[in-house]
Asks: 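My questions all concern the structure below.
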There are 2 protein chains.
Amino acid sequence: MLDDLALFVCIVENGSLNAAAAKLDMPAATLTRRLQKLEQALGCRLLHRSARRLIPTGEGWQYFERCRPLLASLQQATASLDAELNRPAGTVRVLAPITLAGIMYRDAWASFLARYPEIQLELRLANEREDLLTQGADLALRVGELDDPLFGQRLLGWGHTTLVASPDYLARHPVLRAPNDLSGHTLLMAEPLTSWRLQHESSGERMTIQPDGPVRLRVNDMQLAIEMAVAGQGILYCPLRAAEAALADDRLRNPLPGWRGISLPVYALWPPQRTLPARVRVLLDHLLAYSAGSERLI
Amino acid sequence: MLDDLALFVCIVENGSLNAAAAKLDMPAATLTRRLQKLEQALGCRLLHRSARRLIPTGEGWQYFERCRPLLASLQQATASLDAELNRPAGTVRVLAPITLAGIMYRDAWASFLARYPEIQLELRLANEREDLLTQGADLALRVGELDDPLFGQRLLGWGHTTLVASPDYLARHPVLRAPNDLSGHTLLMAEPLTSWRLQHESSGERMTIQPDGPVRLRVNDMQLAIEMAVAGQGILYCPLRAAEAALADDRLRNPLPGWRGISLPVYALWPPQRTLPARVRVLLDHLLAYSAGSERLI
DNA sequence: GAATTAAATTGCAAAAATGGAATCATGCTC
DNA sequence: GAGCATGATTCCATTTTTGCAATTTAATTC
């Protein structure tokens with residue numbers, strides 16, 4: 001109906017069925033019939049047509065004048081939207097765990113923003129896994145294995161974890177020899193790393209510790225947790241990357257030599273759709289390149 | 001495409017395919033498929049849909065926001081136009097011979113205008129038969145038989161004609177006994193009555209005279225021609241109705257007793273279309289009623 | 001006035017859309 | 001956590017629409 005109206009407008013604009021047919025790249029026969037259908041639907045004749053002339057009726061003119069600007073706006077709107085959506089511009093909404101985004105990918109956001117000045121990045125950080133669809137997000141970063149096979153996903157890299165404590169703390173407390181020794185220590189818990197999963201470096205043996213008893217501090221800010229560890233307040237299980245600087249200059253050490261935290265896969269996840277909008281596509285590519293650049297060690 | 005977009009907007013407005021299907025009175029299956037087709041055409045997903053949820057994507061929201069107001073305007077425009085065109089309002093353009101409209105139907109226009117205050121009447125008067133379509137006219141009045149069977153037509157009545165001359169003129173000139181006697185007289189010709197067609201009242205015998213020789217005055221204004229006849233300038237062939245008043249008070253007489261001008265059919269003619277717009281319909285009805293009221297004697 | 005020609009329309013086979021029923025998926029209740 | 005109920009999707013017979021070619025129509029030219 002609206003499409004037929006658009007055809008009618010095109011016919012009037014071009015002055016004949018054949019001209020409109022050429023412009024629209026469809027047979028004139030179709031135009032005739034759809035015009036007839038439209039006239040029937042509207043209950044009035046729109047064009048007086050004979051083999052040689054094509055003259056709008058009074059009704060035809062009225063419909064033409066009233067509908068043409070609106071139809072033109074609509075077509076322009078869809079065309080410009082189409083162009084916009086196929087250009088890396090607009091808002092990209094990303095869901096990510098707080099620490100992952102705030103520490104591991106901090107530089108990735110910065111370079112992304114610098115590279116795509118027309119994209120507005122909206123980071124919605126939360127340690128809880130939120131629903132991509134209800135949040136209206138374009139992309140999510142997830143740590144750990146994914147369960148939804150319908151969603152698009154790519155492995156970005158691996159997030160390494162480690163136990164840390166300050167030399168000061170270690171000097172004041174019993175030496176750790178095995179993971180179970182942790183139960184005698186003061187522990188700091190940084191969400192969302194509530195399960196401490198360790199792996200023996202040579203044997204590959206794995207252990208999972210649920211530090212539920214003697215936790216001195218539980219905080220959902222990784223930076224603060226690390227500062228507390230540096231301050232000698234206890235042993236912390238945290239992303240390797242977050243503690244890198246402190247480990248490098250010996251403000252923190254691994255309290256359990258021979259053991260390290262396991263590595264968790266970091267995935268990018270997006271809603272099921274065949275083709276990703278350009279603005280999301282370029283972010284994904286950027287994140288992939290960034291992860292590869294840091295040797296997938298996050 | 002635009003129709004599909006309208007469907008999409010309706011789906012978003014109603015929150016689900018089934019709700020939209022109910023409102024639009026079409027099966028949900030159709031909605032699904034046309035939505036899929038639209039998404040394919042636009043090259044992006046518009047709605048995240050699962051069995052229980054229906055959430056517009058970023059693209060979906062953009063299309064929705066941009067297109068909804070335009071689509072609403074369009075639908076409203078067509079709806080209001082539809083209502084308007086089915087109401088006796090707007091402009092009616094009428095083609096008619098000058099004398100017919102100016103003298104015979106003068107009162108009809110007046111009463112029509114009084115009765116339909118919302119109609120603008122546009123009378124395009126010309127003695128030449130002009131093309132309804134190219135003139136963009138809704139209705140034409142035509143005197144004499146019509147030849148185009150495709151156009152809509154109705155007989156409005158009969159236009160009687162007559163010969164007239166002033167008593168003064170008749171006293172100064174030889175008495176007429178038969179039509180051929182006209183050739184000895186001074187003749188006044190009022191366009192478009194260039195063929196003088198006479199009929200014997202009792203025998204029905206018909207004669208056509210082409211007064212090409214001795215025409216004193218040829219004018220395309222009937223009123224002026226009559227005034228010249230009243231002034232005794234010659235014999236005039238004119239519509240009976242135009243001379244009625246002068247005949248009644250003996251300023252004019254029939255110069256050829258026993259003969260009268262023939263009667264010509266007066267038709268209303270309109271472009272081929274099944275249903276006439278309301279504003280034209282009421283004018284036609286009005287003219288028919290007017291003609292019947294004057295006993296079809298014009 | 002007859003032939004020409006450009007344009008709209010129609011006929012027919014093929015392709016596409018439709019409508020109703022069955023199926024599949026998933027959030028909600030018990 | 002299993003069953004239920006709702007909503008999207010798919011299947012298939014039917015109707016509608018399309019595309020091409022042939023036909024008709026009417027203005028223009030010779």
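Worth knowing before you read on, the calculation uses all heavy atoms, side chains too, and leaves out hydrogens, waters and symmetry mates. Quick note on labels: first sequence line is chain A, next is B, and so on, each numbered from 1.
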Asks: Measure from the side-chain heavy atoms of B:Pro27 and tell me the nearest of C:dA7, C:dT10, C:dG19.
Replies: C:dG19
Asks: Are B:Glu59 and A:Arg279 ion-paired here, with the side-chain N under 4.0 Å from a carboxylate O?
Replies: yes
Asks: For the pair B:Ser291 and B:Tyr105, evaluate side-chain hydrogen bond (donor to acceptor under 3.5 Å, both in side chains) and give the outcome as yes or no after the intermediate values.
Replies: CA-CA 9 Å; B:Ser291 306; B:Tyr105 278 95; 3.1 Å; yes
Asks: How large an angle, rounded to 10°, do the end axes of the helix from C:dG1-D:dC30 to C:dC30-D:dG1 enclose when each is built from five base pairs?
Replies: 30°
Asks: Side-chain donor or acceptor of B:Arg34 under 3.5 Å from a matching atom on the base of C:dG19?
Replies: no
Asks: From the list C:dA8, D:dC20, D:dT10, which nucleotide is the closest neighbour of the side chain of B:Thr32?
Replies: D:dT10
Asks: Closest nucleotide of DNA chain D for A:Lys37 versus for B:Ala28: which of these residues is on the 5' side?
Replies: B:Ala28
Asks: Can you check the A:Met26 CE to D:dT17 C1' distance for me, whole Å?
Replies: 12 Å
Asks: Looking at CD of A:Glu130 and CZ of A:Arg142, how far apart are the two atoms once the value is rounded to the nearest 0.5 Å?
Replies: 9.0 Å
Asks: Can a side chain N or O of B:Asn18 be found less than 4.0 Å away from OP1 or OP2 on D:dA8?
Replies: yes
Asks: Taking only the side-chain heavy atoms of B:Arg33 (C-beta and beyond), determine which of D:dA8, D:dC11, C:dA8 contains the nearest atom.
Replies: D:dC11
Asks: Give, for atom CE of B:Met1 and atom CG of B:Asp4, the distance between the pair rounded to the nearest 0.5 Å.
Replies: 8.0 Å
Asks: Measure from the side-chain heavy atoms of B:Ala29 and tell me the nearest of C:dA21, D:dA8, C:dA8.
Replies: C:dA21
Asks: Looking at B:Arg49, I'd like to know whether one of its side-chain N or O atoms comes within less than 4.0 Å of OP1 or OP2 on D:dG7.
Replies: no
Asks: Specify the separation, in whole Å, of atom CG of A:Asp3 and atom P of D:dT16.
Replies: 19 Å
Asks: Which label fits B:Trp196 and B:Tyr237: parallel for a plane angle under 30°, tilted from 30 to 60°, or perpendicular past 60°?
Replies: parallel
